[in-house]
Amino acid sequence: MHETVRRIADNIERVLVGKPDVVRIALVTLLSEGHLLVEDVPGVGKTSLAKALARSIDCTVSRVQFTPDLLPSDVTGVSVYNRQRAEFEFRPGPVFANIVVGDEINRASPKTQSALLECMEEQQVTVESTTYRLGAPFMVIATQNPVEMEGTYALPEAQRDRFTARLSLGYPDPQAELAMVDEHSGHDPLGHLEPVSDGATVRQLVETVRAVHVATEVRRYAVDLVTATREMPEVRLGASPRATLHLIRASRAQAALAGREFVIPDDLHAIAVPVLAHRLVLTTEAHAARRSATDVVRAALHRVPVPHGGSGAR
């Protein structure tokens, strides 16, 4: 597993230069059967990350450009009347793919955003009382620009809570940006990217991650971390029980990427901010004090005692 994931990561880093931690979180989200929200300014490689991941694992990928006039049926699919057969037939929408890239998801109306709720949680789509199962692996990678907010619809808490992790790419350091210029100026690396794995292998990796052991003390530590976010004075709405489940699943994937068959507290520390921060709603006073959700999660990590001993390997 470690070798397969390393090849996928190296392949993605041919396109996304100098961002190993971003690639790691994306792979953790994939292997924990979750969904990824990429929030950053334009031009830092949000869509390139999604496309590079999809091409590296040789899975079907679809891209949806979210706009204010986009309808839910444009995402899920629609039933069309077939005159020859004299019956309605279902035409699947772009959500019927292994990797669904939703560009600028906050530009669509809440009605259209809600079309993703069922498929993200239950991996199925219901259209006109008929339920269609989605293939595996299935992952939604949504992007949004946090700066240009005119004409956008902020994602509701229920939608954000379905994303396993949120990350920001940030600007590359000067050396990485110079390497990117040298690499990308002559050709597009994404166009020459070859698969290094496939969907069947990814499904096997997901089964391997499910078998990673989480000791009772570590599970309790995860619950205590999530509970702490609900009790912090800066928080108006803390992380949900779904966040606890996502934290455990992501910690399993993090442990597997590190070559271990069991989870330790360090795995929770490595993914706590991407998994928990976007779920928190802060108070007005916290915003006035310029406290971010990331600061709150880090404070919770310092506040909750870390379990000690060799229990993590049992």
Side-chain angles (χ1 to χ4, degrees), residues 1-38 45-64 92 94-103 119-120 123 133-143 163-165 167 169 179-180 183-184 187-213 246 249-263 267 270-271 274-275:
M1 174 178 180
H2 189 270
E3 177 61 25
T4 302
V5 174
R6 186 192 62 80
R7 290 200 308 268
I8 297 174
D10 290 345
N11 214 40
I12 297 174
E13 288 179 15
R14 292 176 54 194
V15 176
L16 200 69
V17 180
K19 297 292 181 180
D21 289 337
V22 169
V23 175
R24 175 181 59 84
I25 294 298
L27 291 176
V28 164
T29 305
L30 173 67
L31 297 180
S32 61
E33 303 174 270
H35 308 286
L36 184 64
L37 179 62
V38 186
K46 301 188 295 293
T47 306
S48 296
L49 168 66
K51 289 184 175 181
L53 175 60
R55 293 193 182 185
S56 297
I57 60 177
D58 196 23
C59 287
T60 58
V61 58
S62 63
R63 178 181 177 275
V64 184
V95 78
F96 286 85
N98 295 120
I99 305 292
V100 179
V101 182
D103 259 347
C119 68
M120 292 175 66
Q123 291 195 9
R133 293 294 303 175
L134 299 174
F138 175 73
M139 181 181 182
V140 174
I141 303 179
T143 71
F163 285 100
T164 299
L167 57 82
L169 278 69
M180 180 197 68
E183 180 71 20
H184 292 220
H187 66 283
D188 180 15
L190 192 61
H192 297 82
L193 206 63
E194 296 293 334
V196 294
S197 184
D198 54 32
T201 302
V202 172
R203 289 191 291 271
Q204 292 175 359
L205 296 179
V206 169
E207 291 296 329
T208 301
V209 167
R210 288 176 181 173
V212 173
H213 177 64
H246 286 180
R249 292 173 185 171
S251 67
R252 282 193 170 108
Q254 174 65 30
L257 291 183
R260 278 182 277 100
E261 298 179 358
F262 56 90
V263 176
D267 296 320
I271 48 90
V275 172

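Sequential numbering from 1 along the given sequence is applied to the chain's residues.
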I'd like to check Val22 versus Leu49 (side-chain heavy atoms, cut-off strictly below 4.5 Å). Are they in contact? yes

Measure across Ala255 and Phe262 and return the closest heavy-atom pair with its distance rounded to 0.1 Å. CB-O, 3.4 Å

Lys19 versus Glu13: any side-chain heavy-atom pair under 4.5 Å? no

Is there a side-chain contact between Val100 and Pro94 (heavy atoms, below 4.5 Å)? no

If you define the side chain from C-beta out and look only at heavy atoms, does anything of Pro137 sit under 4.5 Å from Val206? no

Is there side-chain contact between Val140 and Val95, with heavy atoms separated by less than 4.5 Å? no

Report the distance from atom OG1 of Thr208 to atom CZ of Arg203, rounding to the nearest 0.5 Å. 13.0 Å

Heavy-atom closest pair (Ile99 atom, Ala50 atom, distance to 0.1 Å) is CG2-O, 4.4 Å

Would you say Val38 and Leu167 make side-chain contact, with heavy atoms under 4.5 Å? yes

Is any side-chain heavy atom of Asp267 closer than 4.5 Å to one of Arg260? yes

In this structure, CZ of Phe96 is separated from OG1 of Thr60 (nearest 0.5 Å) by 11.5 Å

Full working for side chain to side chain contact (heavy atoms under 4.5 Å, CB included) between Val28 and Val275: CA-CA 11 Å; Val28 164; Val275 172; over 6 Å; no

Are Thr201 and Asp198 side-chain neighbours, meaning at least one heavy-atom pair lies under 4.5 Å? yes

How far apart are the closest heavy atoms of Ser56 and Leu193, and which atoms are they? OG-CD2, 3.9 Å

Got a second to check how far Ser197's OG is from Leu205's CG, nearest 0.5 Å? 6.0 Å

Distance check, rounded to the nearest 0.5 Å: Asp103 atom CG versus Ile141 atom CD1? 10.5 Å

Can you list the steps and then say if Phe163 with His246 is a side chain to side chain contact (heavy atoms under 4.5 Å, CB included)? CA-CA 9 Å; Phe163 285 100; His246 286 180; over 6 Å; no

Positive for salt bridge (Lys or Arg N to Asp or Glu O under 4.0 Å) with Glu33, one of Arg252, Arg249, Arg210: Arg210

Does the distance from a Lys or Arg side-chain N to an Asp or Glu carboxylate O, for Arg14 and Asp10, drop under 4.0 Å? no

Nearest heavy-atom pair of Met139 and Gly34: which atoms, and what distance? CG-O, 3.4 Å

Are more than 12 heavy atoms, taken from residues, nucleotides or ligands other than Glu261, located less than 6.0 Å from that residue's CD atom? no

Rounded to the nearest 0.5 Å, how far apart are NZ of Lys51 and CG of Leu16? 14.0 Å

Side chain of Asn11, backbone of Glu194: donor and acceptor closer than 3.5 Å? yes

Side chain to side chain contact (heavy atoms under 4.5 Å, CB included) assessment of Met1 paired with Leu31: CA-CA 11 Å; Met1 174 178 180; Leu31 297 180; 3.5 Å; yes

Could you grab the distance from atom CG of Asn98 to atom CG of Asp58, nearest 0.5 Å is fine? 9.5 Å

Which pair of non-hydrogen atoms, one from Ala9 and one from Leu27, has the smallest distance, and what is that distance? CB-CD1, 3.8 Å

All heavy atoms of Gln254 vs all of Arg24, minimum pair found to be OE1-NH1, 2.9 Å

